[in-house]
Amino acid sequence: MTDSLLYFNEKLNQYFNSHPVFLFSKGRVGLYAVLKSLGIQPGDEIILPGYTCLVVPSAFLVLGAKPIYIDIDPSTYNIAIDLIESRITPKTKVIIIQHTYGIPCEFHEIQQLAKKYGLTIIEDCCHAFGSEIHNHRCGRLGDAAFLSGQWNKPFSTGLGGMLVVNHTELAKRVQSLVDKELIPPS
Ligand SMILES: *Cc1c(COP(=O)(O)O)cnc(C)c1O
């Protein structure tokens, strides 16, 4: 990494309270990396809001996982929380919560569902760098979070993606995947 990237990475680690932040070429690559590190298998189901970016399901269709779209709440643009539980099956592994337009998604009930069914929460923070809810910073509400630095996002690095991992064990697995498989973009 260049000095400026190292500096950027260090600032991000500080901002997310020293939790490891991994840098990628795009947000979707961070999502793919964390899902692969979680051991997502063909046939696994991933719950996500129906109103999202096309590349979000693409990042796990390549792993053979199945998107389970949940409608959004028109008053928040975020996933309709009361519709989630009925769509959970024994194959469900992950819930993706997206803070659409930077409006934080209510997370308490989703955390309870994740606990009850043993699911991983991944936040899509592509619109939400700097958003907070009930004094909690977006990016720290789930097990991991991905952000995009694309030119059309509120926080832009031109292109680029970031992955915040809130568990030491998972972070180790992401690190070893990065060490083994990451090819820097041309
Ligand atoms: C832009 C965007 C992404 C993807 O980010 P990339 O860096 O282009 O991979 C994912 N989710 C949402 C909500 C987005 O707006």
Side-chain angles (χ1 to χ4, degrees), residues 16 19 26-150 152-156 161-167 170:
F16 290 107
H19 280 264
K26 288 175 186 245
R28 68 195 80 169
V29 186
L31 175 62
Y32 170 83
V34 71
L35 290 173
K36 192 161 184 192
S37 302
L38 284 165
I40 293 299
Q41 299 290 321
D44 286 346
E45 294 178 0
I46 297 182
I47 285 176
L48 74 167
Y51 181 44
T52 186
C53 177
L54 175 70
V55 305
V56 176
S58 310
F60 55 81
L61 282 168
V62 292
L63 292 170
K66 186 177 167 193
I68 305 295
Y69 294 106
I70 308 282
D71 209 349
I72 59 164
D73 177 340
S75 67
T76 63
Y77 306 108
N78 288 328
I79 195 164
I81 295 166
D82 53 338
L83 301 181
I84 296 177
E85 191 165 13
S86 65
R87 306 291 304 278
I88 295 173
T89 76
K91 290 183 174 172
T92 311
K93 295 285 154 47
V94 171
I95 302 178
I96 296 178
I97 59 171
Q98 175 183 305
H99 308 296
T100 309
Y101 304 140
I103 303 166
C105 184
E106 281 293 342
F107 62 95
H108 284 130
E109 272 178 69
I110 297 176
Q111 280 179 337
Q112 280 162 11
L113 285 176
K115 208 167 172 190
K116 182 169 167 190
Y117 294 98
L119 309 176
T120 300
I121 298 176
I122 298 177
E123 299 173 69
D124 181 338
C125 291
C126 292
H127 304 171
F129 195 118
S131 293
E132 291 184 0
I133 178 168
H134 311 310
N135 290 322
H136 292 276
R137 189 159 276 177
C138 291
R140 297 297 316 279
L141 309 178
D143 301 285
F146 64 100
L147 301 92
S148 172
Q150 209 200 328
N152 62 359
K153 311 297 178 188
F155 177 84
S156 176
M162 297 148 254
L163 176 72
V164 182
V165 183
N166 293 321
H167 284 300
L170 184 56

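What you see is a predicted model; the values in this text were computed from it and never measured.
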Side-chain donor or acceptor of [X] paired with backbone N/O of [Y] under 3.5 Å:
X: Ser131; Y: Gly102; answer: yes
X: Asp124; Y: Leu48; answer: no
X: Gln111; Y: Leu141; answer: yes
X: Gln41; Y: Gly39; answer: yes
X: Arg87; Y: Tyr69; answer: yes
X: Ser148; Y: Cys126; answer: no

Which atom names give the shortest non-hydrogen contact between [X] and [Y], and what distance separates them?
X: Ala144; Y: Val34; result: CB-CG2, 3.9 Å
X: Ile133; Y: Pro104; result: CB-CB, 3.6 Å
X: Pro49; Y: Ile79; result: N-CD1, 3.9 Å
X: Gln98; Y: Cys105; result: O-CB, 4.0 Å
X: Cys125; Y: Leu147; result: CB-CG, 3.7 Å
X: Pro67; Y: Ala65; result: CD-O, 3.8 Å

* **Steps toward side-chain contact (heavy atoms from CB on, under 4.5 Å) verdict (His108, Ile110)** => CA-CA 5 Å; His108 284 130; Ile110 297 176; over 6 Å; no

Between the side chains of [X] and [Y], is a donor N or O closer than 3.5 angstrom to an acceptor N or O?
X: Thr120; Y: Asp143; result: no
X: Gln150; Y: Ser156; result: no
X: Glu85; Y: Tyr117; result: yes

* Side-chain touch Ile81/Glu106, heavy atoms, less than 4.5 angstrom ->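 SC-SC contact between Ile81 and Glu106 confirmed.
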
* Do Val94 and Leu35 have side-chain heavy atoms sitting under 4.5 Å apart? ->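 Val94 vs Leu35: side chains touch.
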
Should the pair [X] and [Y] be assigned to parallel (<30°), tilted (30 to 60°) or perpendicular (>60°) ring geometry?
X: Phe155; Y: Phe129; result: parallel
X: His134; Y: Phe107; result: tilted
X: Tyr101; Y: His127; result: parallel

* To do: State plainly whether the residues Arg140 and Glu123 are in salt-bridge range, i.e. N to O under 4.0 Å.
  => no

* Flag the pair Lys91 and Asp44 as a salt bridge only when some basic side-chain nitrogen lies within less than 4.0 angstrom of an acidic carboxylate oxygen. =>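 No, this pair does not count.
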
To the nearest 0.5 Å, what is the distance between [atom1] on [X] and [atom2] on [Y]?
X: Asn78; Y: Ile97; atom1: CG; atom2: CD1; value: 8.5 Å
X: Thr92; Y: Lys66; atom1: OG1; atom2: NZ; value: 10.0 Å
X: Asp71; Y: Tyr51; atom1: CG; atom2: OH; value: 12.5 Å
X: Ile47; Y: Ile96; atom1: CD1; atom2: CD1; value: 10.0 Å

* **From CA spacing to verdict: side-chain contact (heavy atoms from CB on, under 4.5 Å), Thr100, Ile72** => CA-CA 10 Å; Thr100 309; Ile72 59 164; 6.0 Å; no

* Testing Ile95, Leu38, Leu163, Ile46 for side-chain contact (heavy atoms from CB on, under 4.5 Å) with Ile122, which one passes? ->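 Going through the options one by one, the only one that passes is Leu38.
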
* Steps toward side-chain contact (heavy atoms from CB on, under 4.5 Å) verdict (Val165, Phe16) -> CA-CA 10 Å; Val165 183; Phe16 290 107; over 6 Å; no

* To do: Can you establish whether the number of heavy atoms outside Glu109 located under 6.0 Å from its atom CD is more than 12?
  => no

* Val56 and Leu31: side-chain contact (heavy atoms from CB on, under 4.5 Å), yes or no, with the steps? -> CA-CA 8 Å; Val56 176; Leu31 175 62; 3.8 Å; yes

